[in-house]
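First the structure, in the form of structure tokens, and then the observations on it.
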2 protein chains.
Amino acid sequence: MAELEAISLLKHNNLRLTDCRKEVVEIFFSQQHAVSQPELEHKLGQYDRVTLYRTLTTFLNKGIIHKVLDDSGLTKYALCAGECNEHHHEDEHVHFKCIQCENTTCIDTLSVPVITLPEGFTFLDANLLVRGVCKVCNNLTTH
Amino acid sequence: MAELEAISLLKHNNLRLTDCRKEVVEIFFSQQHAVSQPELEHKLGQYDRVTLYRTLTTFLNKGIIHKVLDDSGLTKYALCAGECNEHHHEDEHVHFKCIQCENTTCIDTLSVPVITLPEGFTFLDANLLVRGVCKVCNNLTTH
DNA sequence: ACAAGTTTGCAACTTTGTTGCAAAAGACCT
DNA sequence: AGGTCTTTTGCAACAAAGTTGCAAACTTGT
């Protein structure tokens with residue numbers, strides 16, 4: 001049951017168990033693609049916008065979720081792989097944005113290539129966003 | 001002189017020569033880093049926000065500028081390399097965002113590596129955003 | 001200098017995101 | 001289960017980013 005997993009994740013991160021947090025975690029568990037605050041607001045109409053923003057900020061600080069770059073201007077979030085915590089994030093996966101359904105997903109089978117920056121630059125992290133048409137949308141148009 | 005280049009670029013794209021368009025093009029010419037609408041508004045206080053948004057949209061459609069990914073939530077733009085037009089964009093350069101001065105620049109010496117997507121996905125384009133500290137900020141802190 | 005079409009500025013609005021504060025709810029102890 | 005302490009929530013108000021409709025001003029070609 002998804003709720004038990006959600007509770008377990010919250011407890012592991014020393015977070016109080018509230019309905020809002022549980023439901024937000026369950027949405028991250030159940031969805032393959034990155035989520036924005038407006039999308040959460042739409043799915044969980046019962047919670048205030050402010051509460052959802054604060055929930056996302058809390059999860060971000062705990063290393064439960066990470067920001068996903070997107071060309072829409074919206075800030076989107078996705079679950080971290082597991083190596084992240086309060087002090088360190090490690091989310092260098094490749095993200096794929098479908099130009100038809102507009103969903104952004106993590107592609108776990110690919111990793112961001114090693115980048116050698118020019119002299120004088122210091123590397124912190126890298127984000128790769130690939131755009132195209134996803135599996136689901138490709139199937140829909142060819143059938 | 002920068003104004004002549006700006007006029008030439010606008011004429012090549014069949015755009016009317018207006019003060020606003022000329023000044024926006026000149027800013028793109030004179031700056032190394034990507035520009036957001038609020039930044040334009042701040043530098044060119046004389047034009048209405050709406051006009052600047054519409055100017056950016058026009059340039060985007062003509063292939064004069066392209067969107068640059070950024071982790072700030074702001075939409076930023078930079079000049080296209082030259083192979084772009086109304087029908088086709090080709091801007092697969094690597095962008096570098098400095099976490100100190102917050103400027104985003106194109107790194108021309110690097111190119112986005114070739115990506116092989118999983119079965120069923122169609123590739124359109126790719127954007128790589130590297131974060132770190134830029135040359136200028138590194139020099140400032142070591143002196 | 002004129003006519004035709006384009007661009008601009010203004011007003012009004014929508015959406016996204018933030019902050020302060022009092023009320024409600026969670027966690028812990030007995 | 002009840003009491004207490006702390007965290008979280010919802011509300012109101014605000015700030016910033018971005019959009020739309022329309023009349024006035026400007027560009028361009030003749």
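Letters go in sequence order (proteins before strands), and every chain restarts at 1.
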Worksheet, complete the sentence: Value for CD (A/Glu3) from NZ (A/Lys22), rounded to nearest 0.5 Å, stands at 5.0 Å

Discussion item. For a quick check of understanding: with a heavy-atom distance under 4.0 Å over all strands, which category does B/Ser36 fall into, base, sugar-phosphate or nothing?
Written reply: nothing

Worksheet item: How do B/Thr58 and A/Leu15 order along DNA chain C: which one's closest nucleotide is nearer the 5' end?
Response: B/Thr58

Worksheet item: A/Val50 side chain: which of C/dT8, C/dA27, C/dT18 is closest?
Response: C/dT18

Worksheet, complete the sentence: Side-chain atoms of A/Arg16 come closest, of D/dT8, C/dG9, C/dT6, to D/dT8

Fill in: From D/dT9, D/dG21, C/dA12, nucleotide with atom closest to B/Arg54 side chain
D/dG21

Worksheet item: For B/Lys62 and C/dT7, what is the distance between atoms NZ and P respectively, to the nearest whole Å?
Response: 9 Å

Discussion item. Aromatic contact between B/His95 and B/His33, with the criterion being ring centroids under 6.0 Å apart: yes or no?
Written reply: no

Item to complete: Give a yes/no answer on whether the side chain of A/Thr75 brings an N or O atom under 4.0 Å of OP1 or OP2 in C/dT16.
Response: no

Worksheet item: Between C/dT16, D/dT9, D/dA17, which nucleotide has the shortest distance from any of its atoms to the side chain of A/Pro38?
Response: C/dT16

Practice prompt. Look at the side chain of A/Asp48 and decide which nucleotide, out of C/dT8, D/dG10, C/dT16, has an atom nearest to it.
Written response: D/dG10

Worksheet item: If you pin B/Cys20 and B/Arg49 to their nearest nucleotides in DNA chain C, which one's is more 5'?
Response: B/Cys20

Worksheet item: How many Å lie between OH on B/Tyr77 and P on D/dA17, as a whole number?
Response: 13 Å

Worksheet item: Between B/Lys11 and A/Gln46, which is nearer to the 5' end of DNA chain D once each is assigned its nearest nucleotide?
Response: A/Gln46

Discussion item. Using modelled atom types and a 3.5 Å cut-off, is there a donor and acceptor pairing between side-chain atoms of B/Asn138 and backbone atoms of A/Gly120?
Written reply: yes

Worksheet item: Step by step, would you call A/Thr75 with A/Tyr77 a side-chain contact (heavy atoms from CB on, under 4.5 Å)?
Response: CA-CA 7 Å; A/Thr75 308; A/Tyr77 304 88; 3.4 Å; yes

Fill in: Closest nucleotide among D/dG18, C/dT8, D/dT28 to the B/Tyr53 side chain
D/dG18

Item to complete: When you get a sec, tell me which of D/dT9, C/dT19, D/dA17 is the closest nucleotide to the side chain of A/Thr18?
Response: D/dT9

Worksheet item: With a non-hydrogen cut-off below 4.0 angstrom, is B/Arg21 in contact with a base, only sugar-phosphate, or nothing?
Response: sugar-phosphate

Item to complete: Working to the nearest 0.5 Å, report the span between CG of A/Leu60 and CZ of A/Arg54.
Response: 15.5 Å

